[in-house]
Chemist: 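Sharing a structure, written as C-alpha cells. Questions coming.
Along the sequence shown, residues are numbered consecutively beginning with 1.
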Amino acid sequence: DNANFSQVEALVDWKLPWRCDFVSDWHLQSKLNSSLGWLGAEHRSAAIGNAGPALLLKYDQIPLNLEGGCSFTLMSRATFGTKDLGSMLQFTSYAGLNWDITHHLRLGYRFSHMSNGGIDSRHNNGLNMHMLALSYLF
C-alpha cells in the first residue's frame, strides 16, 4: 500500500521444558519469545512489544534450524500516515530459518505477518515483513 515499514526490536527467548527428541538427532524445542522495539512508516513511529510461544526444529548434524511462532502484539499507535492497521492489539505469526555460525552466534531470517485478526473489521490490512536477526546465545 505504498507504505514502507521498518522495525527494530530486541528479542529474548526462553526454552520451555517441553522438548521432543526424534530418531537420529532431530529435536523439536518449545520456546517463549518476548520482544520490545520500534515500528515506523510514513514519518510516524510506534513502540511495539509482543510475547508468545514458538517451536524450533533442529537436526544436530547441520547448523541450520527452522523456527515458527505466534504472539500477541501491542503497539502505541495503529495509524502510520495513510496506513491504518486497525487497532493497537495485533497478532503476529512468523516462520524463519536460523544459521548457528558459532556456539554463541546466530544469523536468522523471518517472514512475519501481523494483523488485528478482525478486531476492527473496517481496517484489517495486515503487515508482511522480511526480518533479519543477529543473535547472541547464552
Side-chain angles (χ1 to χ4, degrees):
D1 293 20
N2 299 322
N4 293 317
F5 279 84
S6 297
Q7 183 173 343
V8 175
E9 65 183 8
L11 173 88
V12 176
D13 66 24
W14 297 272
K15 287 182 180 177
L16 296 174
W18 305 287
R19 174 180 160 147
C20 292
D21 295 323
F22 300 107
V23 288
S24 189
D25 301 327
W26 283 93
H27 310 285
L28 185 64
Q29 176 67 55
S30 62
K31 302 185 332 174
L32 176 64
N33 290 335
S34 179
S35 72
L36 287 173
W38 165 90
L39 178 69
E42 296 187 9
H43 307 292
R44 302 275 190 231
S45 61
I48 186 169
N50 64 51
L55 291 173
L56 184 118
L57 179 63
K58 175 151 181 51
Y59 178 62
D60 287 338
Q61 304 303 319
I62 58 173
L64 298 174
N65 59 68
L66 297 172
E67 183 176 355
C70 57
S71 63
F72 291 101
T73 303
L74 288 174
M75 302 183 303
S76 61
R77 77 168 46 239
T79 304
F80 299 83
T82 60
K83 182 74 168 180
D84 187 352
L85 297 178
S87 70
M88 293 187 296
L89 173 63
Q90 300 282 319
F91 304 96
T92 303
S93 57
Y94 73 91
L97 178 66
N98 299 312
W99 173 34
D100 293 336
I101 300 168
T102 69
H103 184 65
H104 292 289
L105 194 60
R106 174 179 287 165
L107 183 63
Y109 165 79
R110 285 183 178 182
F111 177 77
S112 174
H113 173 75
M114 182 173 67
S115 75
N116 67 30
I119 292 172
D120 181 345
S121 60
R122 296 171 298 131
H123 298 97
N124 188 21
N125 298 328
L127 176 61
N128 294 323
M129 298 187 80
H130 299 278
M131 305 180 88
L132 296 175
L134 182 61
S135 306
Y136 182 81
L137 307 172
F138 293 93

Chemist: What heavy-atom pair brings C70 and Y94 nearest, and what distance separates the two atoms?
Modeler: N-CE2, 4.5 Å
Chemist: Rounded to the nearest 0.5 Å, what separates atom CD1 in I48 from atom CG in L74?
Modeler: 9.0 Å
Chemist: Can a donor-acceptor pair be found, under 3.5 Å and without considering hydrogens, that links the side chain of D84 to the backbone of G86?
Modeler: yes
Chemist: Using the ring centroid of each side chain, check whether F72 and F91 are separated by less than 6.0 Å.
Modeler: yes
Chemist: Over all heavy atoms of both residues, which pair between S71 and A51 is shortest? Give the atoms and the distance, please.
Modeler: CB-O, 3.2 Å
Chemist: Give, for atom CG of L56 and atom CG of D13, the distance between the pair rounded to the nearest 0.5 Å.
Modeler: 8.5 Å
Chemist: V12 and W14: which non-hydrogen atoms are nearest, and at how many Å?
Modeler: CG1-CZ2, 3.5 Å
Chemist: Is the shortest side-chain heavy-atom distance between L66 and L97 below 4.5 Å?
Modeler: yes
Chemist: Nearest 0.5 angstrom please: L85 CG to I119 CD1, how far?
Modeler: 12.0 Å
Chemist: Say whether, by atom type as modelled, one donor and one acceptor occur between the side chain of E42 and the main chain of T82 under 3.5 angstrom.
Modeler: yes
Chemist: Heavy-atom count around H104 NE2 within 6.0 Å, excluding the residue itself: above 12?
Modeler: yes
Chemist: When rounded to the nearest 0.5 angstrom, what is the spacing between CG in L127 and CZ in F80?
Modeler: 8.5 Å
Chemist: More than 12 heavy atoms of other residues, nucleotides or ligands under 6.0 Å from CZ of R44: yes or no?
Modeler: no
Chemist: With rounding to the nearest 0.5 angstrom, report the CE to CD distance, M114 to Q7.
Modeler: 6.5 Å
Chemist: Relative to the ring of Y109, is the ring of H130 parallel (under 30°), tilted (30 to 60°) or perpendicular (over 60°)?
Modeler: parallel
Chemist: Restricting to non-hydrogen atoms, name the atom on A46 and the atom on R77 that form the minimum distance, rounded to 0.1 Å.
Modeler: CB-CG, 3.4 Å
Chemist: May I ask you to decide if L89's main-chain N or O and S87's side chain share a donor-acceptor pair within less than 3.5 Å?
Modeler: yes
Chemist: Any link between Y59 and L137 through a network of hydrophobic side chains (Ile, Leu, Val, Met, Phe, Trp, Tyr) touching at under 4.5 Å?
Modeler: no
Chemist: One pair to check against side chain to side chain contact (heavy atoms under 4.5 Å, CB included): K58 and Q29. What are the steps and the verdict?
Modeler: CA-CA 8 Å; K58 175 151 181 51; Q29 176 67 55; over 6 Å; no
Chemist: How about H27 and F22: are their ring centroids closer than 6.0 Å?
Modeler: no
Chemist: For N116, does its backbone N or O pair with a side-chain atom of Q90 as donor and acceptor, under 3.5 Å?
Modeler: yes
Chemist: Please determine whether side chain to side chain contact (heavy atoms under 4.5 Å, CB included) holds for the pair L134 and L105, giving the CA-CA distance in whole Å, both sets of side-chain angles, and the decisive distance to 0.1 Å.
Modeler: CA-CA 7 Å; L134 182 61; L105 194 60; 3.9 Å; yes
Chemist: Looking only at atom types and distance, does a side-chain atom of S30 sit under 3.5 Å from a main-chain N or O of W18, one as donor and one as acceptor?
Modeler: yes
Chemist: Ignoring hydrogens, what is the shortest heavy-atom contact between M129 and S6? Give both atom names and the distance.
Modeler: CE-C, 4.1 Å
Chemist: Rounded to the nearest 0.5 Å, what separates atom CE in M75 from atom CE in M88?
Modeler: 8.5 Å
Chemist: Under 6.0 Å from the CH2 atom of W38, do we count more than 12 heavy atoms belonging to anything else shown?
Modeler: yes
Chemist: Can you see which heavy atom on M131 is nearest to which on S112, and at what distance?
Modeler: SD-CB, 3.9 Å
Chemist: With clusters defined by side-chain heavy atoms of hydrophobic residues (ILVMFWY) lying less than 4.5 Å apart, directly or transitively, does W26 cluster with I62?
Modeler: yes
Chemist: Applying a strict under-4.5 Å side-chain criterion to I, L, V, M, F, W and Y, I'd like to know whether L132 and F111 cluster together.
Modeler: yes
